[in-house]
Every structure is written in structure tokens, then in C-alpha cells.
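First comes the structure, then the notes that go with it.
In what follows, chains are A, B, ... by sequence order, proteins preceding strands, each numbered from 1.
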Amino acid sequence: MNAKYTPQQIEEKWQRHWEAGKTFSVKEDSQKKKYYLLEMFPYPSGKIHIGHVRNYTIGDVVARYKRMRGFNVLHPMGWDAFGMPAENAAIAHGIHPSVWTNENIAHMKKQLKRMGFSYDWDREISTCEPEYYRWEQLFFLWMYEKDLVYKKTSMVNWCPDCQTVLANEQVEAGLCWRCSNEVSPRELDQWFFRITAYVEELLEHCDRLPGWPDRVLTMQKNWIGKSHGCELSFPMADGKGDIKVFTTRQDTIFGATFMLIAAEHPLVMELVKGKEREDEVREWVDKIKKHDKVMRISDYYEKEGIFLDTYCLNPVTKNKMPIYAANFVLADYGTGCVMAVPTHDQRDFEFAKKYNLPLIVVIQPPKKVLNVHTMTEAYVEEGILVNSGPFNGMENMKALDKIAEYLESLGRGKKTIQYRLRDWGISRQRYWGAPIPVVYCEKCGALPVPEQDLPVILPRDVELTGEGGSPLAKHESFVKTSCPNCNGPARRETDTMDTFVESSWYFDKFCCAAFNDKPGLDRKALDYWMPVDQYIGGIEHAILHLLYSRFFTKVLRDFGVIGVDEPFTNLLTQGMVCKETMKCRQHGYLFPDEAKEGRCIHCQEEVVIGKTEKMSKSIKNVVDPDYLIERYGADTARIFCLFASPPEKDLEWSDQGVEGSYRFLNRTWRIVMDYLDDIRDIAPFDGSSVLDGDLKNLRRKTHQTIRKVTRDIDDRFHFNTAISAVMELVNALYQVPRPAKEDLTALSVIRETVDSLMLLLAPTVPHFSEELWEMMGNKVNTADSPWPEYDPTVATEEEITIVIQINGKVRGRISVPIDEEEESIKSLARADEKIVKMIEGKTVIKEIYVPRKLLNIVVKEG
RNA sequence: GCGAGAGUGGCGGAACUGGAAGACGCACUGGACUUAGGAUCCAGCCCGCGCAAGCGGAUAGGGGUUCAAGUCCCCUCUCUCGCACCA
């Protein structure tokens with residue numbers, strides 16, 4: 001008899017069972033309702049960390065639950081296998097990135113299997129294989145044809161540490177998203193995906209994603225950054241041409257007194273060409289260009305500019321406006337030129353003060369009067385227009401449209417929309433990525449690789465030195481090729497694609513992993529499985545990955561490859577796993593096992609407990625999943641991750657909490673084992689006889705628990721409260737006096753409770769549940785059993801407590817049958833000794849009765 | 001600066017649409033069983049006064065709406081996250 005709970009043995013047994021029986025492999029089945037559950041696939045960095053454990057446990061519970069509810073569940077797993085760490089490891093240790101990556105994949109796969117996740121491993125994909133990335137090269141060609149791919153020379157974000165370009169989305173406050181080093185500008189030839197072609201749809205569809213957290217949608221909307229405004233043109237004072245600006249504040253046009261141009265803008269040098277100041281301006285521009293982006297956005301640099309010895313005219317006031325180049329104007333937003341209204345824009349105000357430029361107030365606030373001589377900051381609130389010709393006296397916000405129309409009638413402007421979103425630069429000067437399928441011919445220029453020549457396979461035999469630049473550029477047999485147009489000598493593109501390209505369509509590939517005909521995606525399979533019903537991953541991908549995936553889905557839809565507009569119907573962003581940090585004065589940060597009884601194991605110095613932060617190797621506050629599995633088993637790790645906090649919140653790791661979860665499993669195991677011999681051959685209670693007392697209560701509690709757990713999982717993924725409900729049921733089972741062996745009715749009620757417990761726990765602690773379930777003599781595994789149903793009649797309480805309030809304060813409680821009439825409750829309350837005393841001598845103004853909850857008697861003195 | 005979210009016992013967290021604040025777990029305290037237990041089972045556990053039944057207070061702080069507010073509204077404070085010279 002297996003009396004003791006030994007997770008290690010049980011877990012291996014069931015994992016073998018699932019693998020041998022291919023329990024979780026799925027096929028399209030038009031008879032069954034599909035459910036596609038996806039967790040963000042991992043980068044194979046080497047080992048699974050607790051963040052993965054949490055993410056995948058949440059997903060696994062939902063997948064297993066939906067399966068028990070009768071859905072045809074697709075729950076795949078794969079590897080986001082291209083990326084820089086592989087290349088860095090190659091440079092540091094002389095291992096080829098593919099070897100490093102594949103070894104990591106093998107190890108992490110083993111770890112995932114040890115967690116008991118219900119993946120369909122037949123669909124495993126690895127994005128670094130040509131069978132995968134060849135299709136994205138094909139999509140690239142199609143996009144090229146549709147003008148959704150283009151090349152341009154541009155200032156790019158260059159990370160000197162990673163030796164590569166970063167997309168705008170990958171620069172965080174001027175720092176590289178990966179290595180946190182400063183990003184500097186650099187001029188490079190880059191390939192771009194025209195994500196801006198879909199900007200309006202990407203924005204509009206945000207409102208069609210009710211299953212996404214508001215936070216993520218807001219972040220996406222802000223990132224897209226739609227602004228309504230005007231494009232205005234200001235004639236040059238010398239009559240030669242004009243300068244165009246974008247503004248959202250055309251209401252302030254009468255106050256525009258000077259013009260600003262981004263320092264990097266080509267117009268700057270054009271305007272001073274041949275003038276006395278040309279050299280001075282060039283020097284200044286060069287200086288500004290050298291400033292790091294990170295410095296320019298901080299307050300470190302003051303606003304500064306340089307006069308270009310040129311004027312334009314304000315189209316409505318006809319005033320002469322001096323033109324300056326300025327360091328704070330963005331070259332790639334709007335037209336790169338800005339009309340400056342110093343009275344109503346703080347930046348322009350500071351600039352005007354510094355260079356002694358004229359101010360004109362055009363908006364007066366409601367309560368005070370602005371004076372250009374005494375103003376200390378720009379007035380940016382709403383007000384009444386002044387000094388604005390025909391618009392004087394209007395509210396500035398209401399004048400926006402009128403002024404736009406007026407400027408339009410003058411032929412000086414038109415309403416436009418600007419977006420913050422820029423196109424997605426995908427060129428990376430790295431080796432370990434998908435080659436961009438392009439060749440350069442001396443005669444014919446840049447040409448896409450013909451479709452029949454795909455895939456462009458990433459060669460294996462390269463030398464990785466870490467000296468910068470792509471190693472592919474030095475690989476002669478890769479680089480040298482012939483022009484598809486003239487057959488003359490040509491060179492291949494040696495940049496590779498941003499790895500976010502692979503993760504923008506992997507969820508499609510999972511639907512048809514084995515499908516290898518053009519275009520690599522099987523429309524029939526996609527039509528069955530897509531969209532993903534539930535996507536789960538970290539909030540850190542709220543913009544990057546999720547926006548790119550949405551874009552790619554729309555592109556593939558327009559190619560007819562897929563039939564959905566949006567890839568992910570519901571999105572859950574799980575919180576981070578945090579833990580307190582520990583420090584020793586001599587040895588710095590300590591790993592958990594470097595501290596024993598509050599002392600450092602190296603020097604016996606007392607350990608200082610630091611603040612709780614996201615688990616990270618660099619501050620050593622990590623927990624090794626392997627250790628957890630060995631010590632407690634995967635089921636304990638799983639249930640703890642779910643129980644400690646709701647999934648969208650951060651989880652604070654607690655070793656004692658893990659112990660508590662382990663204790664709960666042991667406690668449950670013990671009571672089931674205790675009853676095992678008596679209930680193994682007994683069928684669950686079928687409702688054919690009338691129960692009372694403890695048994696009736698236990699059965700009610702059982703059905704209530706089924707109801708609670710079902711709702712908690714279904715409605716809101718609150719696994720923590722679902723688990724606490726199950727704990728209550730176990731506690732209730734312990735409270736029931738042990739029935740006699742002959743009391744078959746009692747034992748059948750116990751059996752019903754134990755069966756329900758195992759089924760309710762099956763998605764959370766699958767090995768544990770399967771083992772006990774099997775021991776109880778069940779023939780069909782929990783994984784293949786239907787989710788338990790509750791009987792609402794059984795779950796309903798018979799006696800309820802009605803709270804009696806006087807003036808909103810709880811003054812008593814009475815116990816009544818569930819269907820007690822309002823009138824009789826009122827008279828019961830009035831008869832209550834305590835209540836009588838409290839309302840004596842007072843006037844009852846009214847009584848508020850909330851059915852089955854409370855009675856509030858409102859009284860007043862006298 | 002702009003935007004979003006959060007603030008509840010010693011701790012993690014419950015409280016669904018306004019209706020018993022603190023479920024469940026951890027920690028702690030006591031008891032039982034034990035040679036022993038850091039195993040297990042049972043019980044107690046927001047704060048103040050009280051032997052007690054009870055009374056009063058309490059959901060960051062202040063105000064409001066309501067018969068009734070952790071929940072709705074307004075103001076203030078604190079923290080977290082995202083964007084950040086986007087004209």
C-alpha cells in the first residue's frame with residue numbers, strides 16, 4: 001500500500017503515461033468545439049526559471065480544465081530560438097549557436113516535461129530551423145511586392161554593446177531593452193516593414209478586443225499615438241517656397257512668432273547654404289548629432305538652437321518669423337518643423353526667453369490677464385482667443401475647426417492626422433537570425449531573391465569573433481551569388497531579421513506544424529484553430545510582441561493565408577515572481593542556499609534582508625525549479641504558484657508558503673488514504689436516499705465547492721480562491737465523524753466528496769489527482785473524465801442567517817429557513833429581545849429588507 | 001509632465017452587481033498524541049476596554065452620496081508600471 005505521498009515516483013509515472021499514450025496530442029475535429037490556449041513560448045536561454053513555471057502552470061490549468069469541459073484543446077509549445085545570447089555564448093565559449101541553442105532546448109524540454117504540462121509535443125517548433133523561417137522569407141517577398149517592405153537610409157538606434165540596430169519599440173528611455181546600455185544614433189541602410197500602412201486598423205481594432213486588459217490596450221493606443229491637427233505651410237520671406245509644419249494647435253496660429261527645425265533635418269543646411277553662417281551652423285548641427293539620445297531626452301541638455309539667418313511669414317499675421325534649428329525638435333515626427341508659439345507652449349517659451357524672441361498672447365485665461373512682460377511660463381490651459389483677428393472672443397477649443405477651415409480657404413493648410421508609430425526596422429547586423437532574402441546587383445540594385453530559390457539558408461560554418469559587424473559578411477560562399485535579373489555578379493544581404501518577426505506568426509504555425517507546402521500554413525487548419533482563445537504571458541510584451549503579432553496577422557489575412565483579423569481573443573498578462581533579496585557584508589548578494597539560519601555560510605556574518613524584487617540571477621533572489629521538483633514535486637510548485645496570488649498580480653515567493661502547499665497535498669492524501677479501503681468499491685452517492693446532519697452538510701459543501709471552483713476558473717481565472725475553496729472542502733471532510741464500515745450510504749457520500757476533490761484538483765495537481773483517482777479504482781483517468789457538475793438544489797443552504805441592523809449597524813442575527821417570508825422575518829426581528837430593547841422608545845421610520853441577507857431597521861429618537 | 005493601476009490584520013491575500021470586513025494559507029499561541037518532534041490532529045488569533053456576555057474603533061488620510069460604502073463621487077498623500085521635448 002502506497003501510504004505515503006511520494007511525488008517524485010508518482011509524477012514520473014504519470015508523465016510516462018501521458019507521453020506513451022499521446023494523451024494531449026490533438027487533431028482538428030469539426031464535431032468538437034475547439035479551444036486554443038497558448039502561453040508565450042520561451043527563448044531557450046538554458047534553464048526554465050520560476051517565471052516560466054508560473055506562466056505555464058496558469059496556462060496548463062486552463063488547458064486541462066477546458067479539456068475536461070469537453071473542448072478540443074490545442075496547447076502547443078515551442079522555442080523562440082534565434083537571438084543574441086546564442087551568439088554571445090558562441091563568442092565566449094566557442095560553441096556554435098545552433099549547438100548551444102539545441103542543447104538548451106533539450107534540457108528545457110526535459111524540465112517542462114517534469115512539470116507535467118499538457119503540451120502536444122508533436123507540434124513542437126523551433127524558429128531557428130529552415131523549415132520554419134523559410135516561410136517568413138516567403139512572406140517577406142510577398143510584402144516586398146505589396147510595398148510593405150522597403151529599404152531606406154535612416155538614423156537608427158544603435159546599441160554599441162549588442163552591435164546591432166534596435167527598433168523604436170526596443171529602446172526604453174534611451175537604453176537598449178536587452179542590455180540596458182546607452183543607445184546612440186547611427187546612419188545605416190535598413191529594411192522596414194510598413195506597419196504604418198495598418199496603423200488605423202491597429203488602432204480601431206483595439207476597441208474590438210474586450211478580452212484584453214485595458215492597461216495593454218491603453219499602452220498600444222498611446223504607442224500608436226494618433227493626433228488630429230493641421231499641416232500648415234508658411235511662405236518664405238524671400239518668396240522662394242515655403243515651410244510645412246504639423247500642429248494640433250492651429251488655434252494658436254496668431255501667436256506663432258518663430259519657426260523651429262529639427263537639427264538633423266536636411267533643410268537646415270539647405271537654408272544656410274552659401275550664407276555667412278554656414279560653417280557655424282554645420283558645426284552646431286554636428287555637435288547636436290553627437291549627443292546621445294538618452295542625454296537629449298533627459299533634462300541634462302538645455303533647449304538650444306541656432307539662427308539660420310532666414311525668415312518665413314506667419315500666413316495670418318504676415319509677421320516675419322525668424323527660423324531656428326533646435327535640438328528638441330524631432331526630425332521624424334510630422335514634418336520635422338514646428339511653428340513656435342511661446343506664449344502657449346512651455347518649450348517654445350523657454351526657447352523664446354533664451355534667444356529673446358517676441359511673444360504674443362492669443363489665449364486669455366478666464367480669471368486673470370496674461371501679460372507678455374510678466375509671464376514666467378507658458379499658459380497651456382483653455383481660454384478665450386485674443387489678438388486673433390476674426391476669431392477674437394471665441395473659446396480656443398471651439399475655434400480649432402473654424403481656424404483649420406479658414407487656413408484651408410487661404411490655401412495655407414489642411415486637416416491631417418499624425419501618428420507616433422513609426423515603421424518597424426527589421427535589419428539586424430547579427431548572425432543568429434533568419435537571413436533577409438535580398439541580393440544586391442551592381443547593375444540592377446537591390447532585388448528580392450526569387451521565390452523558387454528560397455529558403456536562403458543560414459550557413460553553419462561561420463567564424464564568430466565578437467568584433468562587430470555580421471559574420472555573414474565575411475562568409476564568401478554565402479555572400480557571392482548571381483543577380484536574378486541579369487545573372488551578373490551579386491552579393492547577398494548579410495543582415496538578418498529581427499527575432500520579433502519569428503514570434504509574430506508562430507501561433508499560426510502551431511496550428512499546422514507538420515504542414516510543409518507553400519505557404520507553410522494550412523488554411524484549413526488555421527480556420528479551425530485560430531484565433532488563439534486565450535493567450536498568456538508577461539506584461540513586458542504589451543507593446544512589442546503583441547503589436548507586431550497583430551500587424552502580421554493583418555498582413556497574412558490580406559494575403560489570404562489566414563481568415564482572422566486579430567490573433568488573440570483573450571489576453572492574460574501574468575505578474576512577475578518576486579522574492580526578498582539577501583546580502584552579506586562581505587560576500588554581497590547571496591543565493592537562498594548561501595544563507596543558513598540568518599547567517600552567510602561562507603563567513604557566518606549576519607545576513608541582511610533586502611527589499612522584495614523581481615527574481616533575477618544578478619541579485620540572486622532566485623529559486624531553482626529543479627530543486628523545488630526534487631524537494632516537493634511539481635504538483636506542489638504548481639499549486640503554490642496558483643495559490644499565492646491571483647495570476648495578473650505579482651507573486652511574492654515564500655518558502656513557508658511552499659511548505660504550506662505541500663502540507664495541504666499531504667493532508668489531502670492522508671484523508672483519502674484513510675478512507676481508501678472503505679470507499680474503493682463503493683459508488684458515489686446517487687441521491688436516491690434522504691440525508692441529514694453531517695452527511696447532508698458534507699454533500700452540500702461538496703456541491704457548493706464544485707460551483708465555486710467552476711465559477712472561479714471560468715469567469716476570472718482566480719485560481720487562488722478556487723484552491724482555498726477546495727481546502728475548505730478538505731477541512732470539512734476532516735470534520736465529519738468517521739462512519740462505520742457498514743454504513744454504505746455514509747461511505748457513498750464520502751466517496752462523492754473524494755471523487756469531486758480529485759476532479760477539482762486534477763487541472764492544478766494532475767499527477768497527485770491521477771494517482772489517488774486510480775487507487776480508488778477509477779478506470780478512466782481524470783484527464784479524460786468530465787468536469788464534475790453541481791446540483792443547484794443540493795448546493796442551496798436550507799438555513800440562512802439574516803443580519804438585523806439598526807441604523808446600518810449590526811445588532812443581531814437570526815437563523816431562518818431559506819424561503820422564509822419577509823413578513824415573518826420582520827416579526828421575528830421585532831420579537832428579538834435585544835432588538836426590542838434597542839428600538840424601545842424610538843420611532844421606526846422604515847425597514848429595508850434585502851432578501852436572504854439582512855433587515856435594516858431605521859429609527860429615530862422619540 | 002501625460003497616461004494606467006494599486007493602497008485591507010504580523011505577512012500573502014478574501015469580500016461577484018453597495019448589504020455580516022478579514023474566507024483560505026503562512027506566522028504565532030495553547031492543547032492532544034508522543035522517548036522526542038520542526039510530523040500529525042484539535043482550538044485560539046484585527047485593535048482598545050472588560051472575567052464575561054458585550055461595547056467602541058478599524059479597509060492610506062479627509063470630505064460627500066446612501067437606510068447601508070473596502071466597493072460609488074470629490075480632494076490629498078504614498079507606491080508601482082508605461083510613455084516621455086510627439087508640437
Assigned partner base of B:A23, Watson-Crick or wobble definition, under 3.5 Å: none

Presence of A:Lys809 side-chain N/O under 4.0 Å of B:G57 phosphate oxygens OP1/OP2: yes

Between B:G1 (C1') and A:Asp345 (CG): distance, integer Å: 12 Å

Among B:A87, B:C67, B:G3, the one nearest A:Ile848 by side-chain distance: B:C67

For A:Leu855 against A:Ile802, the heavy-atom pair lying closest together: N-CG2, 4.1 Å

Interatomic distance, A:Leu828 atom CG to A:Ser815 atom OG [nearest 0.5 angstrom]: 10.5 Å

B:G9, syn or anti by chi within 90 degrees of zero: syn

Nearest-neighbour nucleotide for the A:Pro646 side chain, B:A21, B:A14, B:G25 considered: B:A14

Test item: A:His344 side-chain N/O and A:Ile363 main-chain N/O as donor-acceptor pair under 3.5 Å: yes

side-chain N/O A:Arg738 vs B:C41 OP1/OP2, d < 4.0 Å: no

Distance test, side-chain N/O of A:Arg663 to OP1/OP2 of B:A27, below 4.0 Å: yes

A:Arg707, CZ atom: more than 12 neighbouring heavy atoms under 6.0 Å: yes

Pairing partner of B:G18 (Watson-Crick or G-U wobble, both distances under 3.5 Å): none

Nearest to side-chain heavy atoms of A:Phe643, which nucleotide of B:A15, B:G25, B:G19: B:G25

Sugar-phosphate, base or nothing in reach of A:Thr247, heavy atoms under 4.0 Å: sugar-phosphate

Among B:G19, B:C86, B:C67, the one nearest A:Lys853 by side-chain distance: B:G19

Touch class at under 4.0 angstrom, heavy-atom based, for A:Val858 against every strand present: sugar-phosphate

Sugar-phosphate only, base, or nothing, as touched by A:Thr801 at under 4.0 Å among non-hydrogen atoms: base

Lys/Arg cation over aromatic A:Phe328: A:Lys303, 6.0 Å, 45° cone: yes

A:Leu651 CG - B:C11 C1' separation (whole Å): 14 Å

Watson-Crick or G-U counterpart of B:G38, or none if no pair lies under 3.5 Å: none

Options B:G13, B:C85, B:G19, nucleotide nearest the side-chain atoms of A:Gln805: B:G19

Sugar-phosphate only, base, or nothing, as touched by A:Arg249 at under 4.0 Å among non-hydrogen atoms: sugar-phosphate

B:G61 to B:U78 separation - P atoms, rounded to the nearest Å: 15 Å

Side-chain N or O of A:Asn720 closer than 4.0 Å to phosphate OP1/OP2 of B:A14: yes

Distance test, side-chain N/O of A:Arg811 to OP1/OP2 of B:G56, below 4.0 Å: yes

Whole-Å distance separating the OH atom of A:Tyr849 from the P atom of B:A68: 20 Å

Nearest-nucleotide pick for A:Arg667, side chain only, options being B:C67, B:C41, B:C85: B:C41

Rounded distance in Å - CD1 (A:Ile539) to C1' (B:G3): 14 Å

Upstream residue (5' side of RNA chain B) when A:Asn666 and A:Ala644 are each assigned their closest nucleotide: A:Ala644

Identity of whatever pairs with B:A69 - Watson-Crick or G-U, under 3.5 angstrom: none

Pairing partner of B:G44 (Watson-Crick or G-U wobble, both distances under 3.5 Å): B:C28

Nucleotide nearest A:Thr248 when distance is taken to its side chain, options B:G12, B:A87, B:G82: B:A87

B:C73 versus B:G82 - spacing of their P atoms, nearest Å: 26 Å

Closest listed nucleotide, where the reference is the side chain of A:Ser724 and the choices are B:C81, B:G19, B:A23: B:A23

P atoms of B:G37 and B:C28, separation to the nearest Å: 16 Å

Value in whole Å for how far the P atom of B:C85 lies from NE2 of A:His344: 23 Å

Donor-acceptor side-chain pairing of A:Thr801 and A:Arg813 below 3.5 angstrom: no

Length of the NZ-C1' vector between A:Lys649 and B:G13, whole Å: 7 Å

Touch class at under 4.0 angstrom, heavy-atom based, for A:Tyr419 against every strand present: nothing

Protein-nucleotide distance (A:Lys579, atom NZ; B:G12, atom P), rounded to Å: 15 Å

Lys/Arg cation over aromatic A:Tyr662: A:Arg667, 6.0 Å, 45° cone: no

Pair partner, B:A4 [Watson-Crick or wobble, under 3.5 Å]: B:U80

Contact nearer the 5' end of RNA chain B, comparing A:Asp348 with A:Asp650: A:Asp650

Any A:Arg347 side-chain N or O less than 4.0 Å from OP1/OP2 of B:G1: no

A:Ser227 side-chain N/O to B:A87 phosphate OP1/OP2 under 4.0 Å: yes

Under-3.5 Å donor-acceptor pair between A:Arg422 side chain and B:C86 base: yes

Sugar-phosphate only, base, or nothing, as touched by A:Arg670 at under 4.0 Å among non-hydrogen atoms: sugar-phosphate

A:Glu659 with A:Arg631: basic N within carboxylate O range, under 4.0 Å: yes

Candidate nucleotides B:C42, B:A87, B:C55, ranked by approach to the side chain of A:Tyr734 - the nearest: B:C42

Which nucleotide in B:A43, B:C86, B:A14 has an atom nearest any side-chain atom of A:Gln735: B:A43

d(CH2, A:Trp653; P, B:C26) in whole Å: 16 Å

Worked verdict on A:Gln704 versus A:Glu797 for side-chain hydrogen bond (donor to acceptor under 3.5 Å, both in side chains): CA-CA 9 Å; A:Gln704 285 174 342; A:Glu797 293 283 354; 3.0 Å; yes

